[in-house]
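Here the structure comes first, spelled out in structure tokens, and everything after it is commentary.
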Amino acid sequence: MTTDPPRPPEPHRVVIVGAGFGGLEATYRLAGAPVSITLIDRRNHHLFQPLLYQVATAALATSEIAWPIRYLLRGRSEVTTLFATVSGIDAQTKRVMLEDGGTVAYDTLVLATGARHAYFGHDEWEPFAPGLKTLEDATTLRRRILVAFERAERETDPQRRAALLTFVIIGAGPTGVELAGTIAELARDTLPPDFRNIDTHDARVVLIEAGPRVLAGFPEDLSAYAQRSLEDLGVEVVLGMAVTECSAEGVVYGDNRLEAKTLIWAAGVRASRAAEWLGAPSDRAGRLEVLPDLTVPGHSDIFAIGDTVVVAGPDGKPVPGIAPAAKQQGRYVAASIKARLRGEVPGPFRYKHSGSLAQIGKRKAVIDFGRIKLRGALAWWIWGIAHIYFLIGLRNRLSVALSWLWIYARDQRVARLITQGSSKVGR
Ligand SMILES: Cc1cc2nc3c(=O)[nH]c(=O)nc-3n(C[C@H](O)[C@H](O)[C@H](O)COP(=O)(O)OP(=O)(O)OC[C@H]3O[C@@H](n4cnc5c(N)ncnc54)[C@H](O)[C@@H]3O)c2cc1C
């Protein structure tokens with residue numbers, strides 16, 4: 001009697017949901033481990049969100065800050081990439097459910113589904129004040145900004161023209177500050193020679209913040225410097241005023257009603273639905289409260305990382321929702337999975353803060369490295385080099401560096417394209 005040779009054991013199945021900073025880092029760091037990986041994302045590309053505002057303000061093209069996930073993992077035969085939307089998790093049967101009805105089985109699951117905008121209970125504001133999270137958001141904002149100038153060029157009524165040339169950004173965190181500075185420069189330095197009937201210097205850029213200062217996460221002196229620099233660029237900074245209405249006509253804040261045709265929301269985020277999928281504990285922003293080893297309470301086989309979770313850092317404060325934190329967590333989870341497969345028990349996740357950076361216009365930035373704080377032109381160069389370093393691929397690094405040098409030297413923003421519609425398209 002002959003017997004079949006014993007089959008090699010099935011590799012441990014790791015399913016990673018989300019190919020953002022956290023999920024992609026976990027996938028990279030699992031290279032060489034005895035696992036098969038299924039990476040699921042509802043978008044076909046990994047997106048470098050920190051530079052989204054540069055697409056929205058016509059400085060960079062979409063392809064310079066996003067890469068097909070499939071392409072990034074083409075050399076990893078153990079990784080299967082699925083272009084699909086996850087709609088739930090059956091933790092009993094250990095399956096991820098897809099929106100189109102499919103399911104994917106896992107032995108270990110990593111949830112890295114990020115966050116989205118939050119309108120603090122006013123979702124009806126979204127059509128008037130879109131946020132910036134995806135490439136589509138960025139090209140939508142770019143279209144709105146450029147269309148506002150185009151319409152102003154043909155508008156004869158001074159009040160309507162003023163509303164078209166008023167740009168309001170709600171929220172003065174890094175994204176709000178970066179958007180405000182760049183739109184001001186677009187109007188002041190790039191666009192003037194292109195128009196005949198309007199002086200684009202007349203554009204108003206208004207940055208509204210409910211808190212007492214811009215860049216609240218930075219030390220006070222850097223916040224004050226950022227505010228002064230924005231004001232030097234002509235940005236009107238309004239502090240301590242919450243927006244109470246957004247509409248097609250403009251915004252209301254405090255007792256003020258400001259007519260503006262372009263509103264941009266940069267004020268709040270809400271975590272993905274990962275906590276809801278598992279009925280797991282979450283904070284007010286919907287962030288899943290993970291254990292110190294980044295597993296979901298009651299589910300030792302499910303990790304959750306990045307913007308969709310809340311976990312305390314070494315100072316007891318929540319780890320910030322930034323790219324380096326998501327990447328550190330992705331790295332930690334990959335190391336934990338490998339350790340578990342060796343029969344070891346991994347220690348808790350320890351976050352190391354590497355610094356905070358924000359750009360203010362094309363020649364200034366602020367950087368907080370803890371003991372070292374930088375501002376001005378030197379900070380801008382470090383900001384630029386750091387961002388180019390973190391981009392993927394030599395071609396993109398060269399192309400982004402060239403685009404920035406061109407803007408720096410010539411004020412030319414090459415991506416001034418109105419896509420997604422003709423001149424008939426409104427908001
Ligand atoms: C405009 C903007 C500017 C920023 N600037 C900076 C900055 O300057 N510096 C910095 O450090 N951080 C910055 N951040 C924050 C940083 O981008 C995030 O902290 C980081 O992306 C979090 O990584 P993540 O992996 O948790 O989520 P993400 O990178 O958001 O990735 C989540 C992934 O999950 C996918 N996904 C979500 N839901 C599903 C689902 N149901 N099914 C399938 N796939 C799903 C998404 O498509 C996405 O690819 C910025 C963010 C934004 C929006």
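Numbering starts at 1 and runs along the sequence shown. One-based numbering, in listed order, for ligands and for the atoms of each. The figures here come from the full heavy-atom set of this structure, side chains too, leaving out hydrogens, waters and symmetry mates.
Residue, atom and distance of the protein heavy atom nearest to atom 20 (C) of ligand 1 are Phe21 CD1, 3.6 Å. Of the protein's non-hydrogen atoms, Ala323 N, 3.3 Å is the one closest to atom 12 (N) of ligand 1. Closest protein heavy atom to atom 14 (N) of ligand 1: Pro50 CG, 4.5 Å. Arg42 N, 3.3 Å is the protein heavy atom nearest to atom 43 (C) of ligand 1.
No donor-acceptor contact under 3.5 angstrom links the side chains of Gln359 and Lys364, judged on distance only. In summary, the side chains of Thr93 and Asp90 do present a donor paired with an acceptor at a separation below 3.5 Å, with no hydrogens or angles considered. Side-chain contact annotation: Thr140 with Asp137, donor-acceptor N/O pair under 3.5 Å absent.
Heavy atoms of Gly321 approach ligand 1 to within less than 4.0 angstrom. Residue Ser87 places every heavy atom at 4.0 Å or more from ligand 1. Look at Trp277 and you'll find a heavy atom under 4.0 Å from some atom of ligand 1. Using a 4.0 angstrom heavy-atom cutoff, Ser272 does not count as in contact with ligand 1.
The aromatic rings of Tyr119 and His117 sit perpendicular, their planes meeting at an angle over 60°, well past the 30° parallel limit.
Under 4.0 Å from ligand 1, not a single heavy atom of Pro174 appears. Counting heavy atoms closer than 4.0 Å to ligand 1, residue Asp307 contributes atoms from both its backbone and its side chain.
Using a 4.0 Å cut-off between charged nitrogen and carboxylate oxygen, Lys94 and Asp301 count as a salt-bridge pair.
In this structure, of Glu25, Arg43, Gln49, the residue bringing a heavy atom nearest to atom 50 (C) of ligand 1 is Gln49. Among Val17, Thr85, Asp41, the residue whose heavy atom lies closest to atom 46 (C) of ligand 1 is Asp41. Checking Ala66, Gly330, Ala112 against atom 32 (C) of ligand 1, the nearest heavy atom belongs to Ala112.
The ligand atoms of ligand 1 that sit less than 4.0 angstrom from a heavy atom of Gly20 are 25 (O), 28 (P), 29 (O), 31 (O), 33 (C), 49 (O).
Residue Gly22 has at least one nitrogen or oxygen atom sitting less than 3.5 Å from a nitrogen or oxygen atom of ligand 1, judged on distance alone.
Considering only heavy atoms from C-beta on, Ile360 stays 4.5 Å or farther from Trp380 through its side chain.
Checking each of Glu185, Arg413, Arg410 against Thr190 for a side-chain hydrogen bond (donor to acceptor under 3.5 Å, both in side chains) leaves exactly one that passes, namely Arg413.
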